[in-house]
Structure formats: structure tokens, C-alpha cells
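Since the structure comes first, as C-alpha cells, the remarks are kept for the end.
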Amino acid sequence: PRSTLFPYTTLFRSDRARQEAERLRGQVVATTQMKARTLELDHREKLLQSVFTSALQELHSVEQWNNYQEIALSLVREALLQLNSNKMKIRVDEYTKKFLTDQVLEEISKELKVHVSFGKPLDLQGTGVIVETDDGHLQFDNTLETRLTRLQNTLRSPVYRILIGETI
């Protein structure tokens, strides 16, 4: 003899099966969306990395700009102010050294009321300046390469928005 609950039990099982199917479908959709988002983020990261790598390779072209002397002076002033010491040495690459003569260094020293002298030249470390305290304990790397690295996190979003055609 069948129970009078048979239609309800079948209905209950059918309802549970439907709920289970909905749950599984939801998991599949969520997993698919997560994978798609991960692929999108991977693509974005590769694109941004490509842009920053290209920018890094092009930094040496800044030396050819008409206003590079102003840029070099700005790099020195900023680094000197960041270190905030009375006696400092600046290290510059060979090309930047052409713009930062002893006379220019003397003028900057007077302007900022600090003693500044040249340290050993930068080898292949970058374009721009590194300023260090006279005792060598502190240094501020203000090469263009280091500046780009420091700004990279800040620049990521605006650069990506430009790449996808948005206006900033």
C-alpha cells in the first residue's frame, strides 16, 4: 500500500532536484564569470606592462628634448629638497653632466643654501640624477627610470583608460 504522502514526496524530490540544478547552474555561471574576469585582468596587466616597458625604453629620448636642461635642473632641485641635508653630492649620467656645470651647481647651492658637489658619475644606472648625503648614508634616486617606477601604480588607471579610448 502506497502512502498518501507519495505525491508530496515526489513533489519534494522534484523541488530539491530543481534547487540543486539551480545551485549548480549558479556555480557554473559564477566560475565562468570569474574566469572571464581573470582573463580580462591578465590581458589588461600584459597591456599595461607592455606600455611601461616601452616607456622605459624610450626614456633616453628625453635627453634630446629642447627643454632637457630645465628637466635636469628640476631633477636636481627636487632630489636636494627631498634629502634635506646641508652637504650633498650629486651623481649624474654623462649626458646630463653637460647641462650641470660647476657654475650651475654653485648657483643651485646658493639658491637652496646647501653645499653641493659632484660625486662619482652614474654608469648605466639611468638618466638623471642621484643625490646622496656627503657621508653616503642617505640617497635619493631621481633618475627618470626610478621616477617612472615610483609613478607606475598611480599611472596605471589613467594609462589604461587612455588605451581603451576613454577621455581623462
Side-chain angles (χ1 to χ4, degrees), residues 22-85 88-102 104-105 107-109 111-112 114 116-168:
E22 284 295 315
R23 186 185 68 76
L24 289 173
R25 187 179 76 68
Q27 283 180 340
V28 168
V29 168
T31 300
T32 303
Q33 288 173 339
M34 191 168 64
K35 285 181 181 177
R37 181 70 177 145
T38 300
L39 286 173
E40 181 184 342
L41 291 173
D42 284 346
H43 175 71
R44 175 185 174 172
E45 185 59 34
K46 287 177 184 172
L47 186 60
L48 285 169
Q49 200 55 47
S50 168
V51 167
F52 287 116
T53 299
S54 294
L56 196 58
Q57 291 169 352
E58 293 296 318
L59 280 178
H60 291 288
S61 70
V62 172
E63 295 174 341
Q64 307 309 314
W65 294 3
N66 292 338
N67 65 338
Y68 185 70
Q69 182 173 3
E70 294 169 31
I71 293 170
L73 291 172
S74 173
L75 293 172
V76 169
R77 278 189 188 97
E78 182 181 329
L80 291 170
L81 292 169
Q82 285 293 322
L83 271 188
N84 194 24
S85 179
M88 294 172 272
K89 291 181 182 177
I90 67 166
R91 300 177 57 210
V92 296
D93 63 277
E94 188 177 313
Y95 187 77
T96 304
K97 175 81 166 99
K98 294 175 186 177
F99 298 104
L100 300 175
T101 62
D102 289 329
V104 169
L105 217 57
E107 290 172 15
I108 292 174
S109 293
E111 174 190 330
L112 300 177
V114 295
V116 182
S117 60
F118 284 106
K120 62 181 181 178
L122 292 180
D123 296 326
L124 301 174
Q125 294 177 342
T127 304
V129 302
I130 294 178
V131 174
E132 55 189 30
T133 55
D134 202 44
D135 61 10
H137 286 112
L138 297 174
Q139 84 169 12
F140 187 79
D141 185 337
N142 214 19
T143 58
L144 297 176
E145 293 80 3
T146 300
R147 289 174 64 91
L148 178 61
T149 301
R150 275 195 304 259
L151 292 171
Q152 200 165 329
N153 285 335
T154 306
L155 294 171
R156 293 172 66 75
S157 180
V159 166
Y160 185 70
R161 288 178 31 210
I162 290 169
L163 290 173
I164 62 171
E166 288 184 16
T167 55
I168 297 180

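Hydrogens, waters and symmetry mates are skipped; everything else that's a heavy atom, side chains included, is used.
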Quiz item: Minimum heavy-atom separation for Asp135 to Leu138, with atom names?
Solution: OD1-N, 4.5 Å

Practice problem: List the atom of Ala55, the atom of Leu148, and the distance in Å for their closest heavy-atom pair. | Solution: CB-CD2, 4.1 Å

Quiz item: For Arg23, does the CZ atom have more than 12 heavy-atom neighbours from other residues, nucleotides or ligands under 6.0 Å away?
Solution: yes

Quiz item: In terms of side-chain heavy atoms, does Ser50 have a donor or acceptor partner in Thr53 at a distance below 3.5 Å?
Solution: no

Quiz prompt | Thr32 side chain to Val28 backbone, donor-acceptor under 3.5 Å | solution = yes

Exercise. State the OG-CD distance between Ser54 and Gln49, to the nearest 0.5 angstrom.
Key: 10.0 Å

Quiz item: Within the distance-only criterion (no hydrogens, no angle test), does the side chain of Thr96 pair as donor or acceptor with the backbone N or O of Asp93 below 3.5 angstrom?
Solution: no

Exercise. With side chain to side chain contact (heavy atoms under 4.5 Å, CB included) as the test, would you mind laying out the steps for Leu144 and Leu75 before giving the verdict?
Key: CA-CA 9 Å; Leu144 297 176; Leu75 293 172; 4.0 Å; yes

Practice problem: Using atom types as modelled and distance alone, determine if a side-chain donor or acceptor of Tyr160 lies under 3.5 Å from a backbone N or O of Leu48. | Solution: no

Quiz item: What heavy-atom pair brings Gly126 and Leu122 nearest, and what distance separates the two atoms?
Solution: O-CD1, 4.1 Å

Quiz item: Is NZ or CZ of Lys89 both nearer than 6.0 Å to the six-membered ring centre of Phe118 and within 45° of the ring axis?
Solution: no

Quiz item: Under 4.0 Å between a Lys/Arg side-chain N and an Asp/Glu carboxylate O for Glu40 and Lys35?
Solution: no

Practice problem: Compare every heavy atom of Ala79 with every heavy atom of Val129, then report the nearest pair and how far apart it is. | Solution: CG2-CB, 4.4 Å

Exercise. Would you indicate whether the side-chain heavy atoms of Leu100 and Leu73 approach each other to under 4.5 Å?
Key: yes

Quiz item: Are Arg37 and Gln33 close enough, and set up right, to give a side chain to side chain contact (heavy atoms under 4.5 Å, CB included), and what steps lead you there?
Solution: CA-CA 6 Å; Arg37 181 70 177 145; Gln33 288 173 339; over 6 Å; no

Self-check item: Which atom of Ser85 lies closest to which atom of Val114, heavy atoms considered
Solution: O-CG1, 3.3 Å

Exercise. Would you check if there is a donor-acceptor pair between the side chains of Asn142 and Arg77 at a distance under 3.5 Å?
Key: no

Quiz item: Does some side-chain heavy atom of Phe52 sit less than 4.5 Å from a side-chain heavy atom of Leu155?
Solution: yes

Exercise. State the CZ-OG1 distance between Arg161 and Thr167, to the nearest 0.5 angstrom.
Key: 8.0 Å

Quiz item: Checking salt bridge (charged side-chain N to carboxylate O under 4.0 Å, His left out) for the pair Arg156/Glu45: CA distance, chi angles, key distance, verdict?
Solution: CA-CA 9 Å; Arg156 293 172 66 75; Glu45 185 59 34; 2.3 Å; yes

Self-check item: Stepwise side chain to side chain contact (heavy atoms under 4.5 Å, CB included) check, Asp134 with Met88
Solution: CA-CA 5 Å; Asp134 202 44; Met88 294 172 272; over 6 Å; no

Quiz item: How many angstroms lie between CZ in Arg147 and CD in Gln152, if you round to the nearest 0.5 Å?
Solution: 14.5 Å

Self-check item: Ser117 OG to Ile90 CD1 distance, which is reported to the nearest 0.5 Å
Solution: 8.5 Å

Self-check item: Salt-bridge present (Lys120, Glu132; N to O < 4.0 Å)
Solution: no

Quiz prompt | Side-chain (Glu145) to main-chain (Thr127) donor-acceptor, under 3.5 angstrom | solution = yes

Exercise. With rounding to the nearest 0.5 Å, note down the distance linking CD in Glu111 to CG in Leu80.
Key: 9.5 Å

Quiz item: Any idea how Tyr68 and Phe99 line up, ring-wise: parallel (<30°), tilted (30 to 60°), or perpendicular (>60°)?
Solution: perpendicular

Quiz prompt | Presence of salt bridge, Glu94 and Lys97, under 4.0 angstrom | solution = no

Practice problem: For side-chain hydrogen bond (donor to acceptor under 3.5 Å, both in side chains), just list the numbers for Thr146 and Thr143, CA-CA rounded to whole Å, side-chain angles, deciding distance to a tenth of an Å, and then say yes or no. | Solution: CA-CA 5 Å; Thr146 300; Thr143 58; 3.0 Å; yes

